[in-house]
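Chain letters run A, B, ... following the sequence lines, proteins first, then strands; residues in each count from 1. Everything numeric in this text was worked out from a predicted model, so none of it was measured.
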There are 2 protein chains.
Amino acid sequence: MVQNLEKLEVGHKKEAKPGRVRLTQKAIVEAAAALFARAGFGATSLDDIATSMGVTKGALYYHVKNKEEILRLIFLTVLVVSEEPLQHIVEAELSPVQKLGRAIEHHTAVAADRSPAMIVFYREQVHLTGPFAREITLRKKKYERYFEQIIEEGIQAGIFKSDLPAKIVVFGLLGMCNSLSQWYKPDGKFSSQQVAAVFVKMVENGLMPYA
Amino acid sequence: MVQNLEKLEVGHKKEAKPGRVRLTQKAIVEAAAALFARAGFGATSLDDIATSMGVTKGALYYHVKNKEEILRLIFLTVLVVSEEPLQHIVEAELSPVQKLGRAIEHHTAVAADRSPAMIVFYREQVHLTGPFAREITLRKKKYERYFEQIIEEGIQAGIFKSDLPAKIVVFGLLGMCNSLSQWYKPDGKFSSQQVAAVFVKMVENGLMPYA
DNA sequence: GCGAAATTTGAACGCTTAGTAGAAAAGATG
DNA sequence: CATCTTTTCTACTAAGCGTTCAAATTTCGC
């Protein structure tokens, strides 16, 4: 545990032997996310993770402080790819409708292609302890509040109905998108963009054409 | 483990000492659901469950085969309160719009007031093993198919838009309702009926009033 | 109250696991 | 090749857990 930052990939660096991935924090986190997603945090041992990477347990502890830190890192990667793009959408010069559309597309995309990490994110939060657990809750709330802002903005502008409480709408919306991580298969019939498009239509105009 | 059926509550039966609940399968399942919901299945020990009921670990084994059976029973209780009412709605003499509305109300209500069990239901399925795990998956699918039927019926009747794939709509819909178990507080601002009403409006006509 | 049946206790067992320490190996450097 | 650093392995510890079971206790019909 010497370098906390991943070394930047530089062209001239000697490549590791093909076949076995270089053991690194990022690699561990990815492998662990896949196992946690399949069997759950509690049911996955460090031996399982190590074995799945062709390595023994001891090696993991050189790159990672303990089991919970692996979980923490999974949560962080999800937040890192989620937060900033959403913030940009909210702050952009767009109509509320456009913002909402892009926000849904964004969130759907994240849910679709980070699925192991996302599954863990929505299932294993109880296993976080200490201040970090609180931090995650806060950042989740902040993320929700971005969506709320969009909805409220739309209501103020008279574009969205004013009789639907923004909080509930947002919860419903996010629940809708989050469900993707449970069922979405990248090799299935629909791309995440197509799914997002369906959700956008649903949320904007509903299922009934001649209201 | 002698009686599989709960004895019916009969008036003249001697009440157990107030304060301590009579130890029974149902009581164990309820207590366990609360603990599992808070800390997760893997992180909750049988000691935790026993202690929370003012009893020792061994006593649980008189009423329950093992830890996983407790989990199985939690899943069963959720299914039991969910399946039949939905089936009745689907088979009733109602318009697709009415059916959809009632189905959403039903599912929302279940998500709202069985919340510990529901949280476990949507989080701990990975810890089920053997044929029962498969059974749950199947029954979940069947439940989804009821919703799908309603949507398809509505499309056929020209009431719902035909360009939105029923499967995706249903997943979104259920994700929306299921999210309730994560955030709904019975003592909060909204009743589950009010939340359901919001969801129904969202799904039927969307957020935009003048489409 | 008595005896039998139902229920609970408490201790023990076997197994798995997170985490540690130090030796060994591999890799880089000059 | 020799030395130093980084990385991995082996072996171990201490703790926690699910499960079992004989004995103790409580309940209940008579």
Between residues 35-46 of chain B and DNA chain C, which residues have a heavy-atom gap below 4.0 Å?
none
When you measure from the side chain of B:Thr56, which nucleotide among D:dC9, C:dT9, D:dT19 comes out closest?
C:dT9
Could you tell me which residues satisfy salt bridge (charged side-chain N to carboxylate O under 4.0 Å, His left out) with A:Glu135, sequence neighbours excluded, listed by chain and number?
A:Arg139
A:His106 pairs by side-chain contact (heavy atoms from CB on, under 4.5 Å) with which of A:Thr108, A:Ile104, A:Val110?
A:Val110
Grab the CG-P distance between A:Asp47 and D:dT8 for me, whole Å please.
16 Å
Rounded distance in Å - CD (B:Glu69) to C1' (D:dT20):
16 Å
Presence of salt bridge, B:Lys26 and B:Glu30, under 4.0 angstrom
no
Measure the spacing between CG of B:Leu23 and OH of B:Tyr62 and express it to the nearest 0.5 Å.
11.0 Å
Please enumerate all residues that pass salt bridge (charged side-chain N to carboxylate O under 4.0 Å, His left out) together with B:Lys201, with sequence neighbours excluded.
A:Asp163
Tell me: CG of B:Leu60 to C1' of D:dC21, nearest whole Å?
15 Å
Using whole Å, report how far OH of B:Tyr61 lies from P of D:dA22.
17 Å
Give a yes/no on whether any side-chain N or O of B:His63 is located under 4.0 angstrom from OP1 or OP2 of C:dT8.
yes
Mapping B:Gly58 and A:Lys67 to their closest nucleotides on DNA chain C, which lands nearer the 5' end?
B:Gly58
Rounded distance (Å) that lies between atom C1' of D:dC17 and atom CD1 of B:Ile70:
14 Å
Can B:Lys99 be said to sit on top of B:Tyr146's aromatic six-ring, NZ or CZ under 6.0 Å from centre and within 45° of the ring axis?
no
A:Glu91 and A:Gln87: side-chain donor and acceptor closer than 3.5 Å?
yes
What integer distance in Å separates B:Tyr62:OH from C:dA6:C1'?
5 Å
Output the single nucleotide from C:dT8, D:dG18, C:dG19 whose closest atom is nearest the side chain of B:Ala59.
C:dT8
Interatomic distance where CD1 belongs to B:Ile49 and C1' belongs to D:dG18 [whole Å]
11 Å
To the nearest angstrom, how far is B:Asn66 atom CG from D:dC17 atom P?
17 Å
Of the nucleotides D:dT8, C:dT9, C:dA18, which one has an atom closest to the side chain of A:Lys57?
C:dA18
